[in-house]
K.L.:
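Next up is a structure, given as C-alpha cells.
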Amino acid sequence: MWPLYAAGFTTAFGAHGIAANLGGFSDDMVSSLLVLGALLALYDGAEVVLKPVFGALSDRIGARPVLLGGLIAFAAASSLYVIADTQAMLWAARLGQGAAASAFSPSASALVALINPAAKRGRAFGSYGFYKSIGYTLGPLLGGVLVWLGGLRLLFLVMALCGALVALWAWREVPDVKPKASKRQTLADLARRLSDRAFLAPTAALAAATAALSAGVGFLPVSGAAAGLGTIATGAAVSVLAATAAVVQPRTGRLMDEGRLTVRFGLLTGLFITAGGLAFAMVPGLTGILIAAALIGAGTGMVTPLGFAALAASTPEERMGQTMGSAELGRELGDAGGPLLVAGVAAASALVWGWAALAVIVGLGALIASLGGRRAPAQSVADRPETAR
C-alpha cells in the first residue's frame with residue numbers, strides 16, 4: 001500500500017505545488033492572467049477527459065501497468081521543462097502531467113480496492129485519502145520553497161524525480177493483479193451501470209464534497225480579507241480545512257471497517273456537516289471562517305473514504321478501473337464546479353450568497369445519497385463477503 005499512498009501524494013503535490021507557484025515566480029513564462037488560467041485549466045482538463053479512458057484501460061490490461069506507465073509518463077513530462085526553459089515546454093509539461101495523472105490516479109484507487117479485502121477497504125481508502133490531503137496541504141508550501149531556492153525548473157525536477165522513484169517503488173512492491181475476463185460491454189451497458197444508484201449516489205456525494213473543499217480553499221481567504229483579516233489568519237483557516245480532512249479520513253474508514261459506521265449514515269452526516277460549514281462561511285469574522293474550515297474539512301473527510309469504499313463494494317472486480325475513473329471524473333467536475341458556482345453567484349450579488357447557493361447544492365447531494373443508500377452500498381462493508389483477490 002505504501003507506494004500507492006506515495007502515488008496519491010504525488011498527484012496532489014504535483015497539481016497544487018506547481019499551480020500555486022506558476023503566477024508568482026515565473027514572470028517570463030506567465031505573462032497574463034489569461035495565460036495563467038489556461039495553464040491551470042490544462043492539467044484539470046486533461047484529467048476530466050482521460051481519467052475514464054485510463055480507468056477502462058486498467059480493467060483491460062491490469063491496473064499495475066497503467067499505474068507504472070502513468071508514473072513514468074509523469075516523470076518524463078515534468079522533465080520537459082527542466083530540459084528547456086521555454087513557454088512551449090511549460091505548456092507541454094503541464095499537459096503531459098495532467099494526462100499522466102489521469103492514468104496513475106484512477107489505477108491507484110482501483111488497486112487500493114483490489115489488493116485489500118472488503119472488510120479493510122474503508123481504512124485503506126481513508127489512509128490513501130490522508131496522504132493525498134497531505135500532498136494538497138504541503139504542495140503550495142514546499143513548492144514555494146523549491147521555487148525560491150532554484151526557480152520553477154527545480155520544482156519540475158523534483159516532480160520528475162518523485163514520479164520516477166514512486167514508479168520504481170511500485171514496480172518492486174505493488175502486486176500484479178491480473179485483470180479478470182469479462183463479457184463485452186456495450187455503451188448501453190455502461191450507461192445503465194453508471195446511472196445506477198449504487199454508482200450515482202456515492203459519486204454525487206464525492207462531487208459535492210469536493211466542490212465544497214475546492215470552494216473553501218479558494219474563497220475562505222476572500223471572506224477573511226473582506227472581514228479585514230490578514231494573510232496569516234486566512235492561510236491558517238485553509239490549513240485547518242486541509243488538516244482536518246486529512247485526520248478524519250483514516251478514522252472514518254476504520255469505523256466503517258469495524259461495523260460502527262454505515263456508508264449511508266456516514267455519507268449523509270458528512271454532507272450535512274459540510275453544508276453546515278458552508279453556512280458558517282457566511283458568518284463574518286475569524287470565528288466563522290475557522291468553524292467553516294473545520295466543518296468543511298471534517299465533512300469532506302468523512303465522505304471521501306466512504307464514497308470510494310461504497311463504489312468498490314458495488315463494482316465487479318473486472319470493472320473496478322472504469323468505476324474509479326468515472327468517479328474521479330465526478331470529483332473533477334465538482335472541483336471545478338464548486339468555485340464556479342460560488343464565483344458566479346457572488347458576481348451577481350455577494351459572496352455570502354455564493355456560500356448559501358453551494359450549501360443548498362451540497363444539501364441536495366445529501367438527499368441523493370439518502371435515496372441511493374437503500375441499496376447494497378448502504379451496508380457496512382464489513383458485513384460483505386470478501387471478494388476474490
Side-chain angles (χ1 to χ4, degrees), residues 15-16 19-20 33-34 36-49 51 133 136 200-227 234 237-238 240-242 244-245 267-268 270-284 288-289 291-304 307 326-372:
H16 281 206
L33 290 176
L34 182 61
L36 176 60
L39 278 169
L40 295 175
L42 200 60
Y43 189 100
D44 292 327
E47 290 192 307
V48 168
V49 173
K51 274 187 174 181
S133 296
Y136 287 131
L200 204 54
T203 303
L206 288 168
T210 306
L213 182 66
S214 182
V217 170
F219 288 98
L220 281 178
V222 178
S223 294
T234 55
V238 174
V240 167
L241 190 157
T244 305
L267 289 178
L268 286 171
L271 288 173
F272 281 125
I273 290 174
T274 303
L278 294 169
F280 264 101
M282 301 167 63
V283 179
I289 291 174
I291 294 176
L295 291 177
I296 293 171
T300 56
M302 288 188 68
V303 169
T304 301
S326 300
E328 289 278 2
L329 170 60
R331 293 188 76 194
E332 292 294 336
L333 294 176
D335 193 22
L340 284 175
L341 174 66
V342 173
V345 175
S349 53
L351 181 56
V352 64
W353 297 115
W355 290 121
L358 186 56
V360 171
I361 295 297
V362 174
L364 290 177
L367 178 60
I368 294 174
S370 68
L371 293 175

K.L.:
Mind listing the side-chain donor-acceptor pairs of residues 336-362 below 3.5 Å, one per line with the distance, residues two or more places apart or on another chain?
P.N.:
residue	atom	partner	partner atom	Å
Ser349	OG	Val345	O	2.8
Trp355	NE1	Ser223	OG	3.0

K.L.:
Tell me, please, which residues at least two apart from Phe280 pass side chain to side chain contact (heavy atoms under 4.5 Å, CB included).
P.N.:
Val283, Ile291, Ala292, Leu295
K.L.:
Ignoring hydrogens, what is the shortest heavy-atom contact between Ala298 and Ile273? Give both atom names and the distance.
P.N.:
CB-CG2, 4.4 Å
K.L.:
Could you list the donor-acceptor pairs under 3.5 angstrom formed by side chains in residues 202-220, with sequence neighbours left out?
P.N.:
residue	atom	partner	partner atom	Å
Thr203	OG1	Phe199	O	2.8
Thr210	OG1	Leu206	O	2.7
Thr210	OG1	Arg331	NE	3.3
Ser214	OG	Asp335	O	3.0
Ser214	OG	Asp335	OD1	2.9

K.L.:
To the nearest 0.5 angstrom, please state how far the OG1 atom of Thr244 sits from the CE atom of Met302.
P.N.:
13.5 Å
